[in-house]
J.: 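Got a structure for you, questions after.
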Amino acid sequence: MSVTGMTRRAALGAGLSMAALPLAAQERFPARPVRLIVAFPPGGGTDILGRLLAQRMQEALGQPVVVENRGGAGGNIAAVAVAQSAPDGYAVLFTGSSLAVNEVLFRSPGYDSRREFAAVARPASTPMMLVVHKDLAAQDVAGLIAAAKARPGALNCAVPGAGTSQHLAFELFNEMAGTRITGVPYRGGGPAIAAVVSGEVQMLFTSAGSVEALVRDGRMRALAVTTRARIPGWPEVPTVGEALPGFIAELWYGLYAPAATPPAVVAALEGAVRDSVADPAFAQRLRERGFEPDFLGAAATAAATQEERARWEPVIRRAGITPE
């Protein structure tokens with residue numbers, strides 16, 4: 001065989017080998033803009049954090065990170081869209097910790113979080129608070145439980161949407177405390193907060209950032225935070241767990257890619273989130289908007305997602321919660 005023939009054959013073989021490699025192995029990721037699919041409409045907490053994160057991630061990745069809102073069905077529309085996207089890292093899901101919970105809450109969510117997603121990272125969380133009307137006699141969680149048990153069904157808790165993290169926190173509280181506080185549904189956080197301020201209802205579980213000014217001004221009182229430990233911005237406020245051991249109700253946010261996304265691509269995205277959260281200026285911007293920098297890597301985020309399902313599935317079943 002001639003040298004020319006051998007050269008052509010070698011070149012052809014090399015070409016075929018390259019064609020057999022996945023796209024991520026042929027180009028340095030990312031080589032074009034990344035779409036960050038936010039699972040809720042513009043203006044909410046998930047959207048605000050998603051946009052902050054996208055802006056900072058593109059500095060780390062060297063490519064634009066474009067936010068695309070696909071709200072609806074409690075986040076399921078966006079989740080299905082990303083699960084069905086090409087597993088190349090160019091379409092990723094940004095959603096709340098409800099990703100796994102929705103599989104229990106909805107009869108047919110359209111996806112299986114354990115099989116169809118690769119967790120990338122958790123950048124931050126939003127501390128939740130148990131707040132009460134300013135004139136309520138109970139001064140702490142133990143006092144609230146005692147008052148609720150003394151008058152079963154007399155106390156009311158605003159619920160800003162069926163199956164929301166706030167609703168689940170309330171149901172878990174009722175269950176663990178052995179109380180019969182009545183849940184009163186409202187269409188969103190704003191009306192629920194207004195109901196507590198006016199005295200229409202006595203209590204509410206909500207994000208700390210959404211009621212900070214009202215608590216500081218004395219128009220409502222913070223009895224506790226629902227996190228594992230006290231939070232830096234409110235060191236004087238105890239956790240619910242200090243009075244009710246084992247109580248945890250966290251609201252956090254995660255980034256997910258389609259399940260078959262190459263590990264190197266997941267690692268690149270994870271690294272961009274890590275670098276973002278580690279930036280002091282970015283972390284400060286998050287805190288100013290009511291978020292707490294709370295980074296978890298891919299493996300820890302995957303575990304946390306399934307822990308959420310394990311924590312809330314029995315609560316949802318026992319309380320008979322269904323989406324509105």
Side-chain angles (χ1 to χ4, degrees), residues 11 13-40 46-70 75 77-97 99-100 111-124 252-283 285-286 293-306:
L16 290 173
S17 297
M18 284 296 293
L21 289 174
L23 181 61
Q26 298 179 41
E27 62 180 26
R28 186 175 183 275
F29 178 86
R32 60 183 189 274
V34 174
R35 293 160 57 223
L36 190 77
I37 312 298
V38 175
F40 295 92
T46 310
D47 175 65
I48 292 169
L49 178 56
R51 290 179 184 278
L52 289 170
L53 183 64
Q55 184 178 15
R56 183 57 183 80
M57 280 180 67
Q58 66 186 17
E59 297 177 25
L61 293 172
Q63 286 286 346
V65 178
V66 181
V67 172
E68 181 180 322
N69 295 90
R70 290 204 187 182
I77 290 175
V80 171
V82 173
Q84 296 175 350
S85 296
D88 54 14
Y90 289 103
V92 292
L93 174 68
F94 189 70
T95 188
S97 49
L99 180 69
Y111 63 88
D112 182 334
S113 67
R114 291 168 289 192
R115 294 191 305 106
E116 297 184 73
F117 289 101
V120 173
R122 178 175 86 178
W252 51 266
Y253 307 87
L255 192 68
Y256 301 85
T261 303
V265 173
V266 172
L269 291 166
E270 177 188 0
V273 178
R274 180 187 295 108
D275 291 349
S276 299
V277 177
D279 177 2
F282 178 73
R285 284 200 296 274
L286 295 187
D294 190 16
F295 177 81
L296 288 181
T301 301
T305 303
Q306 296 314 318

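None of these values were measured; they are calculated from a predicted model.
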J.: Return the set of residues passing ring pair (Phe, Tyr, Trp, His ring centres under 6.0 Å) with Y111 (not counting sequence neighbours), or none when no residue passes.
T.: F117
J.: Can you tell me how far apart CD1 (I48) and CZ (F40) are? Round to the nearest 0.5 Å.
T.: 13.5 Å
J.: How long is the straight-line distance from CD of Q58 back to CG of L36, given to the nearest 0.5 Å?
T.: 10.5 Å
J.: Just jot down the side chain to side chain contact (heavy atoms under 4.5 Å, CB included) partners of Q55, sequence neighbours excluded, or say none.
T.: none
J.: Please name all residues satisfying side chain to side chain contact (heavy atoms under 4.5 Å, CB included) with A78, sequence neighbours left out, ordered by chain then number.
T.: I37, A39, R70, L93
J.: Mind listing the side-chain donor-acceptor pairs of residues 298-305 below 3.5 Å, one per line with the distance, residues two or more places apart or on another chain?
T.:
unit_1, atom_1, unit_2, atom_2, d
T301, OG1, R122, N, 3.1
T301, OG1, L296, O, 3.3
T301, OG1, G297, O, 2.7
T305, OG1, Y256, OH, 2.8
T305, OG1, T301, O, 2.7

J.: Taking all atoms of both residues into account, what is the closest heavy-atom pair of P123 and A121, and its distance?
T.: CD-O, 3.8 Å
J.: Report the residue from D275, L52, V92, L269 that forms a side-chain contact (heavy atoms from CB on, under 4.5 Å) with M57.
T.: L269
J.: Return the set of residues passing side chain to side chain donor-acceptor pair (under 3.5 Å) with S85 (not counting sequence neighbours), or none when no residue passes.
T.: none
J.: Side chains of F295 and E270: does their closest heavy-atom pair fall under 4.5 Å?
T.: yes
J.: List for me each residue that meets salt bridge (charged side-chain N to carboxylate O under 4.0 Å, His left out) alongside R285, sequence neighbours excluded, and say none if there are none.
T.: none
J.: Kindly compute the distance separating OG1 (T46) from CG (L53), expressed to the nearest 0.5 Å.
T.: 12.0 Å
J.: P87: which residues meet the side chain to side chain contact (heavy atoms under 4.5 Å, CB included) condition with it, sequence neighbours left out?
T.: P258, A260, T261
J.: Do you know which two heavy atoms are closest between F29 and A268, and how far apart they sit?
T.: CD2-CB, 3.8 Å
J.: Can you confirm whether R32 sits close enough to P64 that some side-chain heavy atom of one is under 4.5 Å from a side-chain heavy atom of the other?
T.: no
J.: With sequence neighbours left out, write down each residue that passes ring pair (Phe, Tyr, Trp, His ring centres under 6.0 Å) with F94, or none if nothing qualifies.
T.: none
J.: Quick one: are N69 and D47 in side-chain contact, heavy atoms under 4.5 Å?
T.: yes
J.: Once salt bridge (charged side-chain N to carboxylate O under 4.0 Å, His left out) is applied, do any residues pair with R56, and if so which ones, sequence neighbours excluded?
T.: E59, D279
